[in-house]
Amino acid sequence: QVQLVESGGGLVQAGGSLRLSCAASGTTFAITAMGWFRQAPGKQRELVASIIGLDGTTIYADSVKGRFSISREYNKNTIYLQMNSLKPEDTAVYYCKAHVDRTDYWGQGTQVTVSS
């Protein structure tokens, strides 16, 4: 089992920055990929960024490329999402995900609200 706890969300003005953290515990040695997803009211949950494999390959949604950056600690227990140049359309609940074999584990989410 893997447990994930997100933190760092809050209210920020457009153009500002936030840094989200996701701390993993449990059988973290088995995690092969981690990522950030977000879900706005009335919308499907969507991938924001992920980091995969031993070499730390990263992928980003087109909407956040150049503004957001995902990173992880060496031991893979914690990942971060640095969010810069935030826009109102970035407002959502942000969820951390860890992948183990064919199982996904999810955190409880952290609210990010960007005001105009």
Side-chain angles (χ1 to χ4, degrees):
Q1 294 290 324
V2 173
Q3 297 80 44
L4 304 171
V5 179
E6 303 101 330
S7 62
L11 175 64
V12 65
Q13 291 185 337
S17 298
L18 286 173
R19 192 188 194 207
L20 306 183
S21 299
C22 174
S25 61
T27 54
T28 57
F29 67 90
I31 296 173
T32 57
M34 296 185 71
W36 291 95
F37 289 69
R38 67 187 181 188
Q39 188 166 21
K43 292 188 175 182
Q44 294 287 320
R45 191 171 298 185
E46 64 175 349
L47 173 69
V48 177
S50 64
I51 186 161
I52 304 166
L54 295 176
D55 62 348
T57 300
T58 58
I59 59 173
Y60 295 92
D62 288 341
S63 60
V64 306
K65 286 181 180 177
R67 299 188 297 121
F68 291 10
S69 179
I70 188 171
S71 61
R72 71 181 176 192
E73 293 183 348
Y74 177 78
N75 63 9
K76 302 179 182 180
N77 286 344
T78 303
I79 63 166
Y80 305 92
L81 185 68
Q82 179 66 46
M83 304 186 294
N84 299 322
S85 301
L86 283 162
K87 304 174 181 179
E89 50 263 46
D90 296 318
T91 296
V93 177
Y94 284 70
Y95 297 90
C96 181
K97 187 190 79 172
H99 185 72
V100 180
D101 290 333
R102 291 181 290 276
T103 301
D104 291 330
Y105 296 90
W106 295 89
Q108 80 287 351
T110 185
Q111 177 71 48
V112 171
T113 303
V114 184
S115 65
S116 300

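Each residue takes its place number in the sequence, starting with 1. The structure displayed is predicted, hence computed values, not measured ones. Below, all heavy atoms of this structure are taken into account, side chains as well, without hydrogens, waters or symmetry copies.
Side chain of T113 to backbone of T91: no donor-acceptor contact under 3.5 angstrom is found. Here the side chain of T58 pairs no donor or acceptor atom with the backbone of I51 at under 3.5 angstrom. No donor-acceptor pair under 3.5 Å is formed between the side chain of Y60 and the backbone N or O of G66. A donor-acceptor contact shorter than 3.5 Å links the side chain of Q108 to the backbone of E6.
Taking hydrophobic clusters as Ile, Leu, Val, Met, Phe, Trp and Tyr residues chained together by side-chain heavy-atom distances below 4.5 Å, Y80 does not share a cluster with V48. One hydrophobic cluster, built from ILVMFWY side chains closer than 4.5 Å, cannot hold both L86 and F37; they sit in different ones.
Here the side chains of Y105 and I31 are not in contact, with every heavy-atom distance at 4.5 Å or above. For the pair L47/K97, no side-chain contact is recorded, criterion being any heavy-atom separation below 4.5 Å from C-beta on. Two residues are said to be in side-chain contact when any heavy atoms from C-beta on lie closer than 4.5 Å; M83 and R67 fail this criterion. At a threshold of 4.5 Å between non-hydrogen side-chain atoms, the residues C96 and W36 count as touching. Q111 has its side chain out of reach of L11: every pair of non-hydrogen atoms, C-beta onward, lies at least 4.5 Å apart. Proximity of Y95 to C22: side-chain heavy atoms (C-beta onward) are nowhere separated by under 4.5 Å.
Contact detail for V114 and D90: the closest heavy-atom pair is CG2-CB, 4.3 Å. Taking both residues in full, the closest heavy atoms of V93 and G109 are given as CG1-CA, 3.8 Å, listed atom of the first, atom of the second, then distance. A pairwise comparison of heavy atoms in S85 and S17 identifies N-OG, 4.3 Å as the closest pair. Between S50 and I59 the shortest heavy-atom distance is OG-CG1, 2.7 Å. The shortest heavy-atom contact between A24 and L4 is CB-CD2, 3.5 Å. For Q39 against K43, the heavy-atom pair with the smallest separation is NE2-O, 3.1 Å.
Distance check: R72 CZ to T78 OG1 gives 12.0 Å after rounding to the nearest 0.5 Å. Rounding to the nearest 0.5 angstrom, the gap separating the CZ atom in R45 from the CZ atom in R38 is 13.0 Å. Atom CD in Q3 sits 10.0 Å away from atom OG1 in T28 (nearest 0.5 Å). Taken from OG1 in T103 to CD in Q1, the straight-line distance is 8.5 Å, to the nearest 0.5 Å. Annotation: the span from E73 atom CD to I79 atom CD1 amounts to 10.5 Å, rounded to 0.5 Å. The distance from the CD atom of Q82 to the CG atom of L20 is 9.0 Å, given to the nearest 0.5 Å.
Within 6.0 Å of CD in E89 there are more than 12 heavy atoms belonging to other residues, nucleotides or ligands.
Between the side chains of T57 and D55, at least one donor-acceptor pair of N or O atoms lies under 3.5 Å.
Taking the six-membered ring where the residue is Trp, Y94 and F68 present tilted rings, their angle falling between 30° and 60°.
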* To do: Using the salt bridge (charged side-chain N to carboxylate O under 4.0 Å, His left out) rule, take D62 and K65 through it: C-alpha gap first, then chi angles, then the decisive distance, then the call.
  => CA-CA 5 Å; D62 288 341; K65 286 181 180 177; 3.1 Å; yes
